[in-house]
Amino acid sequence: MNFPMSGKPKGLVLYIRIAACCAAFTLVACLESSPAHALSQIQREELPSPVTPPTDSDSSAPGSTVPMPDPVGTPSTSQPAAPAAAEPDSPSDGSSNRPRVDPEAPLPEVVYDLAKLPEPVRRMHDLIIEACRTGDIEKLRPLIGKGDSMTQLSLTDIDGDAIAFLKGLSGDPDGQEILAILEEVLSAGYVHVDAGTPQELYVWPYFFALPLDKLDAKQRVELFKIVTAGDFDDMKQFGAYIFYRVGITPAGQWTFFVAGD
């Protein structure tokens, strides 16, 4: 069978069109997929690397950490150290048990008459004398008292029991020597000091307030009942009587029985 030549071109053209459409479809598909793939690659390449937070606390954001205190013994750098507080001056020693000797002042009156004492003072004086004459140092315990009102027995603090301390001052184990000294001191004349003030006292012996170089012969005899001539020479170099003395307040409180300067 013979086909007309005019039909061949039509079939070829159709084939070519179909092939062209397929090629175009393939190209369009490639073009649509390629840019997306390239964009994802660009985005991944341009993203910054992950940043690991620094472990050094100094590089942290301000206010994100609590300041730690300086190590012990290290001066603070946040503010200057406060200046050390000045120590208060030591108060002047105006203790009533210290010798009261003023070479320029008039000599104080020396009194022997116990009747001139206020009743509370005379009573305490007599009670101490009575206790000394018993020979039993324990008799002084209720007169010495305790606590803040206890009789001062030393110019420094004492440890332990007051009666045991007095026994330690005595040359014998029972404290009878110290009792004899106490009685002899209270048997001497006395002086009335700081009258009309809170420090008012009656003090035995009167040598407490007299310059030793102004004692007359009679007074030196009275002094030698209490101290030796060698003690007297030592005291003259010091400038005051520094052996045992007794102080009693107008209210009858036995404030001290001390020796020393």
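Note that the structure is predicted; figures quoted are calculated from it, not measured.
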If we only count heavy atoms from C-beta on, is the [X] to [Y] side-chain gap below 4.5 Å?
| X | Y | value |
| --- | --- | --- |
| L201 | F256 | yes |
| T255 | T151 | no |
| L114 | Y190 | yes |
| K167 | D174 | no |
| F257 | I128 | no |
| Y202 | P250 | yes |
| C132 | I181 | no |

Roughly how far, to the nearest 0.5 Å, is [atom2] of [Y] from [atom1] of [X]?
| X | Y | atom1 | atom2 | result |
| --- | --- | --- | --- | --- |
| L179 | D136 | CG | CG | 8.0 Å |
| H125 | I248 | NE2 | CD1 | 7.0 Å |
| L215 | F224 | CG | CZ | 9.0 Å |
| T249 | Q199 | OG1 | CD | 12.0 Å |

Closest heavy-atom pair and its distance - [X], [Y]:
| X | Y | result |
| --- | --- | --- |
| A209 | V191 | CB-CG2, 4.1 Å |
| P108 | L210 | CG-CD1, 3.5 Å |
| L166 | I178 | O-CG2, 3.9 Å |
| F165 | S154 | CZ-CB, 3.7 Å |
| A188 | P205 | CB-CB, 3.8 Å |
| V110 | Y112 | CG1-CE1, 3.8 Å |

Legend entry - Stepwise side chain to side chain contact (heavy atoms under 4.5 Å, CB included) test for L127 and W254: CA-CA 11 Å; L127 288 173; W254 182 11; over 6 Å; no
Legend entry - Candidate pair M235 and F207, rule side chain to side chain contact (heavy atoms under 4.5 Å, CB included), full reasoning: CA-CA 11 Å; M235 290 182 192; F207 313 112; over 6 Å; no
Inset, instruction - Using side-chain contact (heavy atoms from CB on, under 4.5 Å) as the criterion, point out the one residue from W204, F243, Y244 that pairs with I226. - result: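 Looking at W204, F243, Y244, the match for I226 under the side-chain contact (heavy atoms from CB on, under 4.5 Å) is F243.
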Inset, instruction - Going by the side-chain contact (heavy atoms from CB on, under 4.5 Å) test, name the single residue among R123, R122, M124 that passes it with D126. - result: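 For D126, the side-chain contact (heavy atoms from CB on, under 4.5 Å) check succeeds only for R122.
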Contacts under 3.5 angstrom, residues 137-147 side chains, donor-acceptor by atom type, not counting sequence neighbours:
{"unit_1": "E138", "atom_1": "OE1", "unit_2": "R141", "atom_2": "NE", "d": "2.9"}
{"unit_1": "E138", "atom_1": "OE1", "unit_2": "R141", "atom_2": "NH2", "d": "3.4"}
{"unit_1": "E138", "atom_1": "OE2", "unit_2": "R141", "atom_2": "NH2", "d": "3.0"}
{"unit_1": "R141", "atom_1": "NH1", "unit_2": "D161", "atom_2": "OD1", "d": "2.8"}
{"unit_1": "R141", "atom_1": "NH2", "unit_2": "D161", "atom_2": "OD1", "d": "3.4"}
{"unit_1": "R141", "atom_1": "NH2", "unit_2": "D161", "atom_2": "OD2", "d": "3.1"}

Inset, instruction - Evaluate the criterion side chain to side chain contact (heavy atoms under 4.5 Å, CB included) for residue pair R245 and V258; output intermediate values, then yes/no. - result: CA-CA 6 Å; R245 56 263 192 192; V258 297; 3.8 Å; yes
Legend entry - Check against side chain to side chain contact (heavy atoms under 4.5 Å, CB included), S187 and I129: CA-CA 8 Å; S187 298; I129 291 285; 4.3 Å; yes
Inset, instruction - Using modelled atom types only, decide if a donor and an acceptor are shared between the side chain of T228 and the backbone of D231 within a distance under 3.5 Å. - result: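 Yes, the answer is positive, given that a donor and an acceptor are paired below the 3.5 Å cut-off.
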Inset, instruction - Check for a donor-acceptor pair, side chain of D216 on one end and backbone N or O of K218 on the other, with a separation under 3.5 Å. - result: yes
Legend entry - Heavy-atom neighbours of K116 NZ exceed 12 at 6.0 Å: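 For K116, atom NZ is not crowded (no more than 12 foreign heavy atoms under 6.0 Å).
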Inset, instruction - Answer yes or no: does atom CD of E130 have more than 12 heavy-atom neighbours from other residues, nucleotides or ligands under 6.0 Å? - result: no
Legend entry - Verdict with reasoning, K225 to E184, per salt bridge (charged side-chain N to carboxylate O under 4.0 Å, His left out): CA-CA 8 Å; K225 291 180 180 180; E184 197 65 39; 5.4 Å; no
